[in-house]
S.K.: 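Sharing a structure, written as structure tokens. Questions coming.
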Amino acid sequence: MPVDSKEQRWLTKAQRAPQWLDLLYDLVIIAVLTVFTVNHEITGGPSTLVYFSYFVIIWWVWASQVLYDVRFEANDWVHRLFKFCQLGTFAFLGVTAQSFDPSNVLPPESAVESSEAAQQSLGASAWTGVATSYAAGRLFLILEYVLVLITTRHYKRHLPSLLVPPIVAFISGVLWAISASMTGNAAAKVACAYSGLGLEVEATLMLPLMPQYMRAPPEMISERFGALSLIIIGEGIIGIIRSFSAVMAGFGFSSVAYGQCFCALVIITSLWYFLFDGFNVEIRMGRKRGLLWIIFHFPLHFSILLVLIGMRNTATFGNITHALDIVNQNMLSLFADIDENNFNHTSAGLQYMSIQLGKLSITPSWPEEIRNILDEASNPNSTQDPVVDVIQYQVQIYIGIAAYYDVQLSDDVLHSAEVINSLNGTRNPDSSTWNATYDEYVALGNEFDQEYQTDLGNGVLFFLPSAGGFLFVLSILHLLRSLPLGGYMWASWTSRLVGGIGLGLLGLLDLGDKTLNEDMTSPIFVYRLQQRNWMLPVVAIVYAVLIIFDSLLMVLADRQARHRRGPVIPHTDQAGPRGANSSVEARGPECSAPHEETVLPGSGTRVKSDYS
């Protein structure tokens, strides 16, 4: 029987599991997410879909477990054993997901020894591991609900809240297990799994419509989801610091990076402010609004991840393009020197390039490469074509820069690199033929350059829409939690909604041909915005303006509240003054009513106030 039937609480505070156990579980999801992010960089539409398809799995595993924990998790050995098992399935979910991709879930049809067959085999193994882990996690969740059903078998008031989750989890677990064992149809394999997850979400949304629905304790559910939001921001900060560390010490560093760091700090601080300023975990919501508030945290958390990843990609892209400019300038000088048989320009930049390229894992070193080019170009008996040598070395530099910044290049770019590296480097003695191959090889190099830079540019296209989407989703969450009261509070809420929509509409700037030319020119406005290093400042300025506007509203609200209070005067009655220290606040008629609750601009938190 619940210890508090009105509040629907089944455990006293002393009986509850310690918060440290919940924090450990929250940290595991971030560890799994971090590993997946390292192996699956978001560089465009397809990679975003892969990331989304995995994030929805781990987020729902976490959220469904939290919905159980806040109601029934006790501080006993049984629940600690269950938590150990859940941590194990979560960890296995992360270990097996290195090659996770819903578009690659079937093993190769035959034992063909090729890189493509190897990728298919890895993808199929990853899907089987993730599906098996998910099914195992459902099994442990079912056992936990069965334990509660047995313990509370004499109290049947909230039976639907105890029966529906394990039944639906059983169906979902079976579907995921079937998906793990299927080998014939890729679409059916994926549909079978995600239909089980969708069924769980749908059942959770339908539960509040049932009689005697058992609501989760509001302060506990708010704390858990708020903690996950903060931990996700922390995970993103780790990635951003790692990227900026590589930027500061890496090849192509420019003073612009300091401004990018400052803008990233403003954005991160703003994320915290919008999420937690004035956040009150004690606010109670109705059944439907409370559950919608929980579900809407999924797009909120995903948008936070996209903002943080977009910041990292934007900073990295800017530094890499600066590095490529340096490489291209020196390579153009080298080609000009080969044509003129005069290597004065190349020798002038020898020391600088040697230092910069020394940060990359490439062989031979720049001085050795220059000596080889000199020998190939000046020695008529040399059999090595210097043009092919220069192009292949340039490709090696590009790949080395991407590896230094932990950028995952697409298969198309890697294939173009393989084509160039497989070129015949033997010099053709026929000058006319050599001139024709010269133009062909240079064209291949330019094509690789274009594909490489376009691949990098795709990783920044989603930054502005995700920054706006974060504010938009957060505005909806504020309405679900509590309605703003008064003009000041509505003005604050409206400003964030408008700011989110505005940033989201800036995503339309990436419509059109997304190909970056070799000289980094593009008709897409968002690329030109990035090339001028204004991508991060735009979001930082919008966020900062919204925070300043919030602060001004708070000042105006405080002044209005003070104005409505009358001056403090000594209190007297017919018998005379009570004493020198006796005083009350004289108030006008409009202040004689009881204090109303209103909402802080920060996050819809209700506080006592004298204005409405």
Side-chain angles (χ1 to χ4, degrees), residues 37-38 41-44 232-274 303-327 356 359-360 401-408 452-471 499 502-503 506-507 509-510 516 520 522 524-548:
T37 302
V38 171
E41 292 284 345
I42 296 182
T43 57
I232 289 176
I233 292 178
E235 188 277 335
I237 292 174
I238 293 174
I240 291 172
I241 291 177
R242 185 173 63 245
S243 296
F244 273 109
S245 176
V247 166
M248 292 295 184
F251 181 25
F253 170 75
S254 64
S255 57
V256 177
Y258 291 112
Q260 301 286 325
C261 287
F262 177 77
C263 291
L265 180 62
V266 171
I267 295 172
I268 291 171
T269 305
S270 301
L271 292 178
W272 177 91
Y273 177 87
F274 293 138
S303 65
I304 293 174
L305 282 171
L306 290 181
V307 170
L308 296 170
I309 295 173
M311 275 198 295
R312 187 175 63 192
N313 290 349
T314 301
T316 303
F317 177 77
N319 214 59
I320 289 181
T321 53
H322 183 68
L324 297 182
D325 288 340
I326 297 173
V327 173
Q356 297 300 325
K359 302 174 183 178
L360 310 178
I401 292 175
Y404 182 85
Y405 289 105
D406 294 326
V407 174
Q408 295 181 0
Y452 180 90
Q453 298 190 40
T454 301
D455 205 29
L456 294 177
N458 288 334
V460 305
L461 296 178
F462 62 85
F463 176 57
L464 291 176
S466 60
F470 164 76
L471 289 175
L503 286 174
L506 288 178
L509 298 177
D510 64 5
L516 270 171
M520 295 299 294
S522 172
I524 298 182
F525 182 79
V526 70
Y527 277 151
R528 297 201 295 270
L529 195 68
Q530 169 60 28
Q531 290 158 10
R532 290 172 174 80
N533 299 302
W534 271 100
M535 188 81 81
L536 287 181
V538 165
V539 177
I541 290 172
V542 172
Y543 281 7
V545 168
L546 290 175
I547 293 176
I548 294 173

S.K.: Got a second to check how far L308's CG is from N313's CG, nearest 0.5 Å?
M.R.: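 Spacing of CG (L308) from CG (N313) equals 11.0 Å.
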S.K.: Counting C-beta onward and ignoring hydrogens, is there a side-chain heavy-atom pair between V539 and F470 closer than 4.5 Å?
M.R.: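 In short, these two side chains do not touch, never coming nearer than 4.5 Å.
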S.K.: Quick check: closest heavy atoms across L306 and S466, and the distance to 0.1 Å?
M.R.: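 The pair with the smallest heavy-atom distance is CB-CB, 3.5 Å.
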S.K.: For Q260 versus L536, what's the shortest heavy-atom pair and its separation?
M.R.: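 Heavy-atom minimum between the residues: OE1-CD1, 2.8 Å.
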S.K.: Answer yes or no: is there a donor N or O on one side and an acceptor on the other, between the side chain of Y543 and the main chain of A467, under 3.5 Å?
M.R.: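 Between the backbone of A467 and the side chain of Y543 there is a qualifying donor-acceptor contact (under 3.5 Å).
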S.K.: To the nearest 0.5 Å, tell me how far C263 SG sits from M535 CE.
M.R.: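 Reported to 0.5 Å precision, the distance equals 12.5 Å.
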S.K.: Among I267, L464, I268, exactly one meets side chain to side chain contact (heavy atoms under 4.5 Å, CB included) together with V307. Which residue is that?
M.R.: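 Exactly one candidate clears the test, I267.
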S.K.: To the closest 0.5 Å, what do you measure between CD1 (I309) and CD1 (I240)?
M.R.: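 I309 atom CD1 to I240 atom CD1 measures 9.5 Å (nearest 0.5 Å).
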S.K.: Measure across L265 and T269 and return the closest heavy-atom pair with its distance rounded to 0.1 Å.
M.R.: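 L265 and T269 have their closest heavy atoms at O-OG1, 2.8 Å.
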S.K.: Can you tell me how far apart CD1 (I237) and CG (L271) are? Round to the nearest 0.5 Å.
M.R.: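 Reported to 0.5 Å precision, the distance equals 8.5 Å.
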S.K.: Search all heavy atoms of A540 against all heavy atoms of V266 and return the closest pair with its distance.
M.R.: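 Closest approach of A540 to V266, heavy atoms only: O-CG1, 3.8 Å.
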S.K.: Looking only at non-hydrogen atoms, find the nearest pair between I541 and W534 and report the distance.
M.R.: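 Taking every non-hydrogen atom into account, CD1-CZ3, 4.0 Å.
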S.K.: Taking all non-hydrogen atoms of both residues into account, name the closest pair between T314 and G310 and its distance.
M.R.: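 Taking T314 first and G310 second, the nearest heavy atoms are OG1-O, 2.7 Å.
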